[in-house]
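Have a look at the structure below, then the notes.
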Amino acid sequence: MAADQIIDEGPDDDDVLEGLEAKKLSGKKIVLFAGAGLVLLVILAIAGFFIIGSKTDEAQKGAATEAVQLIFIDIPELVVNLNTGERQPQFLRARISLEVDRESARAEVEAKMPRVIDDFQVYLRELRAQDLNGSAGLYRLKEELLVRINRSVAPVEVKDVLFREMLVQ
């Protein structure tokens with residue numbers, strides 16, 4: 001009986017290779033699945049772009065309903081003594097206007113005017129007369145005041161600080 005019996009040791013190498021080939025994806029199928037995935041990603045990206053774009057368009061249209069115009073807000077005259085380090089005081093008298101681009105910004109800046117004046121007073125008192133010499137000195141002063149006021153009235157944006165009068169005595 002032992003001689004008649006064929007011992008089955010497992011599948012042949014040929015059977016294993018055929019099974020693996022049947023389970024393996026062909027190159028065409030891999031390219032097909034990768035291409036389908038790529039097309040799906042592109043479609044989702046385009047759809048997201050249009051959805052986000054339509055929301056920002058609506059927000060811009062809502063902001064555009066308020067007319068954009070040039071509005072000037074006058075700050076009360078400022079008179080401060082400058083930091084001289086000497087016994088003889090020097091004074092700065094300034095008349096300043098602020099430029100905004102819409103009426104709601106004007107209302108918000110005027111509501112915060114005491115804070116704006118305080119920030120200007122504190123900064124101007126630390127200046128020396130030499131800091132105000134020439135057009136470069138005035139330009140630096142203008143830029144510094146613009147930074148300070150935009151920090152004070154945020155999220156409103158003041159477009160420019162305009163000097164109507166500047167006198168150092």
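Side chains are part of it too, since the values below use all heavy atoms of this structure and drop only hydrogens, waters and symmetry mates.
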Measure the shortest side-chain to side-chain distance between R93 and E77 over non-hydrogen atoms and say whether it is less than 4.5 angstrom.
-> yes
Between CD1 on residue I117 and CD1 on residue I96, distance to nearest 0.5 Å | 10.0 Å
Tell me whether L92 is reachable from L78 by hopping between hydrophobic residues (I, L, V, M, F, W, Y) whose side-chain heavy atoms are closer than 4.5 Å.
-> yes
Which pairs pass salt bridge (Lys or Arg N to Asp or Glu O under 4.0 Å) with one or both residues in residues 112-121, sequence neighbours excluded?
-> none
Charged N to carboxylate O under 4.0 angstrom, K159 versus E99?
-> no
Among the clusters formed by ILVMFWY side chains lying less than 4.5 Å apart, do I73 and M166 turn up in the same one?
-> yes
Test: R140 and E144 ion pair at under 4.0 Å = no
Would you call D101 and L70 a side-chain contact if the rule is heavy atoms closer than 4.5 Å?
-> no
Can you tell if the side chain of N81 reaches within under 4.5 Å of the side chain of R125, non-hydrogen atoms only?
-> yes
So do L82 and F91 actually touch side chain to side chain, heavy atoms under 4.5 Å?
-> no
Looking only at heavy atoms, which two atoms of F72 and R106 are closest? And how far apart?
-> O-NH1, 3.7 Å
Scanning both residues in full, the closest heavy-atom pair of L98 with I149 reads CD1-CD1, 2.9 Å
If we only count heavy atoms from C-beta on, is the L127 to N83 side-chain gap below 4.5 Å?
-> no
Side chains of I75 and M113: does their closest heavy-atom pair fall under 4.5 Å?
-> yes
Do Q69 and R102 touch side chain to side chain, with heavy atoms closer than 4.5 Å?
-> no
Minimum heavy-atom separation for V158 to N150, with atom names?
-> N-OD1, 2.6 Å
Members sharing L38's hydrophobic cluster, built from side-chain contacts under 4.5 Å between Ile, Leu, Val, Met, Phe, Trp and Tyr, are none
